[in-house]
Amino acid sequence: MSHVNRIEGIGRIRRGRAVRFYYDGRQYFGYEGDTLASALLANGVHLTGRSFKYHRPRGIFTAGSEEPNAIVQLESGAYTEPNTRVTQVELYEGLRANSQNCWPSVKYDIGAVNSLLSRFLPAGFYYKTFMWPASMWMTYEHFIRNAAGLGKSPEQKDPDRYEQLHAHCDVLVAGGGPAGLSAALAAAKTGASVIIMDEQSEMGGSLLASDETVDGVTAAQWLKTTLETLGTYDNVTVVPRCTVTGYFDYNYLTAAERVTDHLGIGNGGYSPRQRFWKIRAKRVVIAAGAIERPLLFKDNDRPGVMLANAVRTYIRRYCVLPAKSVCVFTNNDSAYDTAIAVHEAGGAVTVVDTRQSASAVSVKRARDVGITVYHGYAVSNVIGSRAIRRVEIRRLSDDAQSLVGDPVTVNAQVIANGGGWNPVVNLFSQSRGKLRFESGIQAFVPDKAVAINPSVSAGSCAGVYDTAQCLATGAEAGEIAARAAASDPKPSVPMPQLTKALAADAVNGRDFYVVPANTGAAEGLLQKWNDRGYSKHFHDLQNDVTVADIHLAATEGYRSVEHLKRYTTTGMGTDQGKTSNVNALSIMAGIQQTDIPSVGTTTFRPPYTPVTFGAITGQNRGELFLQARKTPMHAWHELNNAVFEDVGDWKRPWYFPRHGETMHQAVDREALATRQSVGMVDASTLGKIDIQGADAAWFLNMVYTNAWLKLPVGHCRYGLMLNEHGMVFDDGVTTRLGENHFHMTTTTGGAARVMAWLEEWLQTEWPEREVYCTSVTEQWAVAAINGPNARALLESLTDEDLSDESFPHMSYKSMKVAGLDARVFRISFTGELSFEINVSARHGLALWEALIDAGKAFDLTVYGTETMHVLRAEKGFIIVGQDTDGTVTPFDLGMSWIVNKNKPDFLGKRSLSRTHTAASGRRQLVGLLTDDPDTVLPEGAHLVEGHVRRVPAVTQGHVTSSYMSPNAKRSIAMGLVTNGLDRLGESLTAQLMDGQMIGVTLVKPDFLSIDKSPETKPEKGQ
Amino acid sequence: MLLIECPWCGQRDQTEFSAHGEAHIARPTETATLNDEQWGNYVFFRSNSKGLHYERWTHDFGCRRWFNAVRDTVSDQFLVTYKPGEPAPDAKQLTQQLSDATSGTAKVSGV
């Protein structure tokens, strides 16, 4: 164990508990309480990866979730996870991590040649270079995807469990630092239900790395006491390791909790790996803290360049001094705390302050302990590539626009870099709150909220940086939120934000972002691209975007902040620009000689940090994602080798292959047998709606195109439903069971839509009408028997008279079938003699098995949906949604007979006579016969005139249904063709994607030359 | 994620509802007498307003009933929901309520 950088002290680690882990295959040790980042630094490992574009060596930059650089591939196989931030990964026994974006190794990376070519890889490079010629894009894309990948996504099924949790509370506190904790406490005291969440492994935020005195005790003691106190409240839920990731309307927030990630693979027991919270909070206190803003200087991306507060955190929380000699580079007072921390940890420290002077308490304290401070200086050069060897600094000119004087060498292997703070306004901004730029702290702070998302920001995310002030604003926010939740649970007024004075003097930063380039090099093409030496000032470390890139974007006109983002990719990636956005704005403001608020900000979007898809999905996987609907006969289908297809949510038997039959062979057999003897199909999935009431007939007369008032009791009628545009929307047979009682059937997929449609009219337009609709789809099991022997089969199971006289086509009888109470409808979707036998769902399987038994005498064949489609197409019966697509009228279907023009009104009627709808040139449904009877047209194929392939060609329509028909002994098809009904007998050509040209003839869609059955189209029976 | 007050069931999550466009568009009674433009206005044309929008909703995964709502399309704030057949709330009053809310002059009020 070689903890070269581990120092004395306790911090938050447990020294008694050593933990073994592997990084890039090498074994290391850390302690419980370490993150992967702190353990690597303790072991002297700074280099953690290569950068995205230039493959430059990169190291750990932060100590928090804002980390742009140090992202690794965690674990392997099904458990692997790319782009995990080492600063967020808690160490566990046996952890394995590998660096990303480098090959063959992080130390010797071939892609680093890109760095030498960097002047050819500026902003917008991909757009400029690879977009032309278009035919080469596939080649370029392959290259880019390989070269630019950030980690590898797992290729196996996720073996972990996840869950979703819905929660409600009076006050949700996002962030468990000093402001959040005091907010939770204040809210809890009012009796409000409180949930407080923090993304870190333990609550405390900045207090975890603080040497301050808080309320008269040490920060650690205050934290302990406060957490204990919160623990005594039953109305408070404290959730660590939980990031509030999204803020949506009406205070709906999402949070991702890493429940057992920190225990290691397979050690989570019965707990899920992660839990995705969906929270509805009456009020929200945002206490999300602030992220330090780096200063930008040449080669500021070297491993060893870190944020000042990160260095402080590693020292005080993890007892790791990242290097023996540290250079603190800053423009404000807060980084002096880091200098003191390094000094106290026994390190050598030099402060380089861009300001000419400073007088804050922390500055004096640093001077008093003998720390060297260079005022009016800036880091001008970083010597070293994979690690910092030394640092050069130079004096700034009075206007800070250039460097003057000779460089001074500072011995330092870490640069603790602090350029001020950016309040984490992400959640507030997601809640559609407006931001305001505070020039005193050079940062955006929450300004105006919207009414429906009442929240109060407190602490440093509101620009309040002093710990005592954080506690005070937190307590105030917590109390306000709790009281408001109690008095006004449904807010109609935006919540005012706190008006505490911003602690501008705590920063006292001068408006300084970018260290000027070292030289004013000669002008030239390359210099223009590099903008006189700013090509190594990286402002976005993850996306390798430099100050020069922003200059280039501005030069090329991409000045709007949204354009700037997309052109340079700044602010994208897994860190979403947490450390880079405001710097990018400041650079653009400088170029445009305006101020930052005039440049504006891009929109903050959820999630705040990346969320595993598994967590969002939760338990909704496989069967639980979409529950399959199964008919009462499903078990029989499974036993009998059915191949299923999905129809809506239903599992329907598609075909029943026997003895190794192909689908084609099975369907041929099923279709032939049905027309030769008798076939049976499970029609239970048909939508069924029970309609009752004094106005039921009147209602049907309004929703169907044909006449319903005089339908005799016991009779069935086929109907088409139109929407108000006059377009066919559903079809089905409806039966009059009694004077005021109807049984409506709908298409399988349209059942819910039709039910909603009926309810819409009854509830909103005709509430005075007495009609009641009940969905009974699941209440009835339906076996439909079709074919010349259908009657004989049914007769063997009932005593009822089934003769044509007693039980004519399109009528209904209630009878006993196989001893079961049944409603039998003599209706047909095949053109054959047919009975649809409905029994109570719980008797469905019994009925089915009785029919199978009795059917043995008649060579009964069970068929599936494919044969059902073939049989109906042979007779030219339509399927709504297949032969229609929402642009088809009854006239287009050649079904003018079903439109009753004498009815004063029905839904969609007036649209049929609209000038446009009534005009010629509409697509109309016709039958299509291919010249070659063995060729089956692909559905969707377009039909053109002539036989010569033309691109582009003017389409005459397309194929909607196409099958090989064993009964017609040839291929059959239907299609929608321009003016098709007037063109029967004409020839067209199906022009296929693969170059084939297939000649077809337009015919009436009735493909059985000899009608063997006495039945005709069901419609015509009326 | 909106929070919607069903006039029958109370506040429920948006996922239980679906929206059905503009409300208070009565179906013409004598449809045969309408010219194309009049019928077209009923079928195709909607106000698409920025600000107050009177609209229809259904509580699909709840009571399955229809109702009307007035929503501010700018802020997504629901000002009121009411049962079908009830008169449309006065727009002027709602606008005032909205502007009071935005300017922060209104005292907290339950809608």
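In the text below, chain A, chain B and the rest are named by the order of the sequence lines, each starting its count at 1. Since the model is a prediction, treat every value here as computed from it, not as a measurement. Every heavy atom of this structure was used, including side-chain atoms; hydrogens, water molecules and symmetry mates were not.
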* Measure distances from B:Ile25 to the heavy atoms of chain A and classify the residue's part below 4.5 Å as side chain, backbone, both or neither. => backbone
* Within-4.5 Å side-chain heavy-atom neighbours: A:Trp757 and A:Phe729 -> yes
* To do: Against chain B, label A:Met495 side chain, backbone, both or neither, depending on which of its atoms sit under 4.5 Å from a heavy atom there.
  => neither
* Asked: By a 4.5 Å heavy-atom criterion (distance strictly below it), what part of A:Tyr252 contacts chain B: side chain, backbone, both, or neither?
  -> side chain
* May I ask you to name which of A:Asn251, A:Thr915, A:Val450 has the most heavy-atom pairs under 4.5 Å with chain B? => A:Thr915
* To do: Just give me the residue among B:Thr31, B:Asp36, B:Leu34, B:Leu2 that pairs up with chain A most often, heavy atom to heavy atom, under 4.5 Å.
  => B:Asp36
* Residue, of B:Leu3, B:Val43, B:Asp76, that accumulates the most heavy atom pairs under 4.5 Å with chain A -> B:Leu3
* To do: Taking the six-membered ring for Trp and the full ring for Phe, Tyr or His, determine whether the centres of A:Trp698 and A:Trp708 are under 6.0 Å apart.
  => no
* For B:Ala26, is it the side chain, the backbone, both or neither that has a heavy atom under 4.5 Å from a heavy atom of chain A? -> both
* **Under-4.0 Å salt bridge between B:Asp13 and A:Arg280** => yes
* Structure fact -> One option among B:Asp60, B:Thr58, B:Asn35 has the most heavy-atom pairs under 4.5 Å with chain A, and it is B:Asn35
* Measure A:Ser913 against the heavy atoms of chain B and call it side chain, backbone, both or neither at under 4.5 Å. => backbone
* Contact class of A:Leu762 relative to chain B, heavy atoms under 4.5 angstrom -> neither
* Salt-bridge contact A:Arg483-A:Asp170 (side-chain N to carboxylate O under 4.0 Å) -> no
* Hey, are A:Arg922 and A:Asp892 close enough for a salt bridge, meaning a charged N less than 4.0 Å from a carboxylate O? -> yes
* Pair A:His166 and A:Trp277, ring centroids less than 6.0 Å apart -> no
* Assert yes or no for the condition that the ring centre distance of A:Phe699 to A:Tyr772 is strictly below 6.0 Å. => no
* Asked: Heavy-atom distance under 4.5 Å to chain B: side chain of A:Pro496, backbone, both or neither?
  -> neither
* Would you mind checking which part of B:Thr29 comes under 4.5 Å of any heavy atom in chain A, side chain (CB onward), backbone (N, CA, C, O), both or neither? => backbone
* To do: Check each atom of A:Tyr247 against the heavy atoms of chain B and say whether the ones under 4.5 Å are side chain, backbone, both or neither.
  => neither
* By a 4.5 Å heavy-atom criterion (distance strictly below it), what part of B:Gln11 contacts chain A: side chain, backbone, both, or neither? -> side chain
* Asked: If you count heavy-atom pairs under 4.5 Å between each of B:Ser75, B:Gly40, B:Ala23, B:Gly85 and chain A, which one has the most?
  -> B:Ser75
* Asked: Think B:Arg56 forms a cation-pi with B:Trp66, using NZ or CZ under 6.0 Å from the six-ring centre and within 45 degrees of its axis?
  -> no
* **Under 4.5 Å from any heavy atom of chain A - which part of B:Phe67** => neither
* Verify whether the ring centers belonging to B:His24 and B:Tyr82 lie closer than 6.0 Å. => yes
* For B:Arg46, does the CZ atom have more than 12 heavy-atom neighbours from other residues, nucleotides or ligands under 6.0 Å away? -> yes
* Positive for salt bridge (Lys or Arg N to Asp or Glu O under 4.0 Å) with A:Asp447, one of A:Lys434, A:Arg436, A:Arg432 -> A:Arg436
* Asked: Side chain, backbone, both or neither: which part of A:Glu759 has an atom under 4.5 Å from a heavy atom of chain B?
  -> both
